[in-house]
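Here is the structure we will look at, set down as structure tokens.
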Amino acid sequence: MMRRTAAVLAGKATGMLSRLSRRGGGTTLPGDVARAIDPDVLRKLARDLKFGSVVITGTNGKTTTARLISWLLEGAGHRVVSNRAGANLIFGATAAALESAGADGRLRADWGVFEIDEASLPKAVDEIQPKAVIVLNLFRDQLDRYGELESIAKRIESALERLPAGSRALLNADDPRVAEIGLDLPAPPLWLGIEDTSVAERDLPHAADARTCPRCGASLIFDAVYVGHDGVYRCPNKDFTRPAADITATNIQLDGFDNIAMTVGMRRAYSADRATETQAVKPDQRLELPLGGLYNCYNALAAYAAGVTIGLEPQYIAERLKNFRAAFGRQERMEFRGRHLNLVLSKNPAGFNETLRTAVDLAKGNSFLIALNDRKADGTDVSWIWDVDFERLKGKATVLVPAGSRAHDLAVRFKYAGIDAAPPEPDPGRALDALVKATPEGETAHLLTTYTAMLDLRAELVRRGWAKPYWET
Amino acid sequence: MAPKQKTFTVGWLYPDLMNIYGDRGNILTLLKRAEWRDYDARMLELGRGATKGMEDVDVFFFGGGQDREQALVYEDLLEHKQPPLERAVRSGAVVLAVCGGYQLLGHYYQTAEGERFPGIGLIDVRTEAGKKRFIGDVIVDIDTEMPGLVPRTLVGFENHSGRTFLGPEAAPMGRVRLGFGNNGSDGTEGCLQDGVVGTYLHGSLLPKNPHLADRLIRSALRRRGDDELSPLDDSAELSAHERILERAQRRLPARAPQERELRSSAAAEPREPS
């Protein structure tokens, strides 16, 4: 007990100092410090949670889904602990728990909602012992840092195999690599999926992974493609097919970056506690929320499924989601000299293709700033930009500013996509100036950026007084 | 009547399986640079089982894959692709092989446990598994094997654990100024043998190295007696290339300049292929 209290206090002090010194939000360092004093501090704090935790993993959508679930729980009067700022390693989760702990080293909260990096999942599951684990998708992302998809998938699988009794895995049935993880789990997962071919694309994008059957190696046939390689697929030799979804999204309506609407149906219903598992099928529920893009339908579907799994009522969920606010930098709006700026995190080919599709096809955007950095958090290897279908901007983008520390690489990418672009501008301030100057008043400019490029742009926006610092959002 | 447009064909080996490191950038660069010279540029996808049209290919591209995909490619390569690929190279077609593709074209790949997977032996190189993964930016000073290439550097990114060693038939493309290259020990990067270029550089390789892209196109067209390429405006490509050089210069530790000078002057001297 002494050790834990010391760890909590040291961690909390570190967080306070970090915020005071304006070195950022103190989102991971406190976790580092506390774990050095007591390596079991997260395990102990997680045990204090009144009802338990939900853990979210996957390449894209973790932050938004975690925020959606926290939003649902908070609206129902629960005290929620969550690693909000995208600090999704074990240290970030520990830091979040520390922040909510009292001076006696005890955590007084009802639920934990943690987004966890794919590679950290085994440790996180072991320490947090969550009630539900959501696996959203598995796309290629930062190969220099995370390694190949296959080894990440294996880590997730080993984590899910060790889920405590009464805990439930919620898996995206539309993602073939995620589906493969769920094939041999000791406890059957709850499968989520989109079933609306009106929002499907015809062809797989260039960056599609997981295109082969895990059993016979044949190339999978896709009857519909929703996001990246997520869709309706089957093995030509009938060795593997998309699992039937337990919770489905149908009748999807997409309205630019502003709104999504969909009908959620439950084929089977579970509670997290299998002792009281019900097979009661809930009636269809229409969901509407102020987020844009088909990729957010997956996030909303996952949040809904998690909500129902931990006992929230479908009607309540639908009501509450209507007023949701997006996580910082995931999709943020600000005004700048009469221009509307729409800041959207786009960090890998699958994510970028979706934000481009939303900005170009749905929001009818024609003014763009694309920012690429190659710091560790972005991935130091930028070759993935050649897998992004920037060709979609051709004939649509009247303003296109290549920005970020690798702006020059983007400029080459745009040249080979046959799109006219402004000269590359690595300096965030000058890039913003170029964008605003070229964007007519009253128009919307879309800023699609990698992680640290977003931080740089945001810092500049904060400096100019157009955005709030992130620890205040 | 306008003369019939000449065609230029890029054959992409296993585009659905061997495409891990933005390899599409290499394909796009070859196609566009031919198109800008008024060629009718075409891409031929050569997936598993496909061999049709391989005799018409000017430049083959063979990229890297994840282990799972590479295992699937392996059998097909030996069964279907090896004979037509050998014939094409003999007739003057060019091959660019990156990472996994580079390894598979050599004699063998030996795992950490000592198990050997034979490659197709199109180039005189062999690869052994290494413990440490080589990841990061690479700058190569081009060897005299490729005279006339300006600038005299190649820039890219590497991510591999294989250690590739060149036999007497293969010459390196150059020496690493930054990064690890073929094996991290002899300072070489890549290989040149007949029309085959093997390398660990992606990033993608060709977009920021337009001089190398043009060399591949020109060599492939030579067999048609058609190797005059009109010049293009490469300022965007070369300024991206230059940015990598400048940044590396800034990042290299202050104590290293002497060594760097030695290396770059050594690279500029004529040298026998090793």
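Computed from a predicted structure; not experimentally measured. Proteins come first, then strands; the chains are lettered A, B, ... in the order of their sequence lines, and each starts at number 1.
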Practice task
May I ask you to decide if B:Gln66's main-chain N or O and A:Glu150's side chain share a donor-acceptor pair within less than 3.5 Å?
Solution key: no
Exercise for the section: Verify whether one side chain among A:Ser219 and B:Asp16 offers a donor that lies under 3.5 Å from an acceptor in the other. Expected result: yes
Practice task
Check B:Arg48 against A:Thr212 and note the closest heavy-atom contact, atom names and distance.
Solution key: NH2-CG2, 3.7 Å
Handout entry: B:Leu28 portion near chain A, given a 4.5 angstrom heavy-atom threshold
Key = both
Practice task
Kindly indicate whether the side chain of A:Asp409, heavy atoms from C-beta on, has any atom under 4.5 Å from the side chain of B:Arg243.
Solution key: no
Completion exercise
Cut-off 4.5 Å, heavy atoms of chain B, and the answer for A:Pro424 is neither
Practice task
Taking the side chain as every heavy atom from C-beta outward, state whether B:His241 and A:Val412 have any atom pair closer than 4.5 Å.
Solution key: no
Handout entry: A:Ala218 portion near chain B, given a 4.5 angstrom heavy-atom threshold
Key = backbone
Exercise for the section: Would you sort out whether B:Ile244 and A:His408 count as a side-chain contact (heavy atoms from CB on, under 4.5 Å), showing the intermediate values? Expected result: CA-CA 10 Å; B:Ile244 303 296; A:His408 290 76; over 6 Å; no
Problem - Salt bridge A:Asp389-B:Arg24, side-chain N to carboxylate O under 4.0 Å - result: yes
Practice task
Answer yes when A:Lys415 and B:Glu237 have at least one side-chain N-carboxylate O distance shorter than 4.0 Å, and no when they do not.
Solution key: yes
Problem - Check: A:Trp386 and B:Asn26 side chains under 4.5 Å, non-hydrogen atoms - result: no
